[in-house]
Each structure stands twice: as structure tokens, then as C-alpha cells.
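One-based numbering along the sequence shown.
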Amino acid sequence: MNRLNSFLLDETGAATVDWVVMTAASVAMGLAVMSYVRDGIEDLSNDIQATLSGISIKTSFSQWQDFRNDPDAELSPSDESAPD
């Protein structure tokens, strides 16, 4: 009978149960936040992709020099990333 009482009064495993509950709550909260912001992140990433897809990359310094030497040159949508 003493062993049974000792077993019932033992609380050494209670911390494990607490950690399991806290971990499950954290995962559930993360999933809830993810489902809430998913559409906004998708829209933002599509906007970034559309902006970056229109940028051309200058592959030589002569291309930039030609652009700088022409005072009447205007930035085209593909040249908006031109450095100052």
C-alpha cells in the first residue's frame, strides 16, 4: 500500500506534461498566425516578383557609361534600378 501511495503522490513527471501542453499550444498558435497572414504574404511576394522581373541587369560598365553620356536619356522600366 505504501508503494501505491508513493506512486500516486509522486509529481516528477508533471513537468513533462506541462511542456507537452505548452508545445502543442505554441504550434497551434503558429498555425493560426500562418493561416491569418498567408494571403498577405502571397500578394506581397507576387508584387515583388512582378517588380523584379522587369529589371534588366547591365552586364558591362560601357552600357552604364553610354547611358550617363546621353543627357536626354530617360529611365525605361527596365532601367529603374540604375544607381545614382
Answer yes if M29 and M22 sit in the same cluster of Ile, Leu, Val, Met, Phe, Trp and Tyr residues linked by side chain heavy atoms under 4.5 Å apart, and no otherwise.
no
Side-chain heavy atoms nearer than 4.5 Å, only ILVMFWY residues, links allowed to pass through others: does that put Y36 and I41 together?
yes
For N2, does its backbone N or O pair with a side-chain atom of S6 as donor and acceptor, under 3.5 Å?
no
Going from [atom1] on [X] to [atom2] on [Y], what distance comes out if it is rounded to the nearest 0.5 angstrom?
X	Y	atom1	atom2	answer
Q49	L44	CD	CG	12.0 Å
L52	S45	CG	OG	11.0 Å
L8	L4	CG	CG	4.5 Å

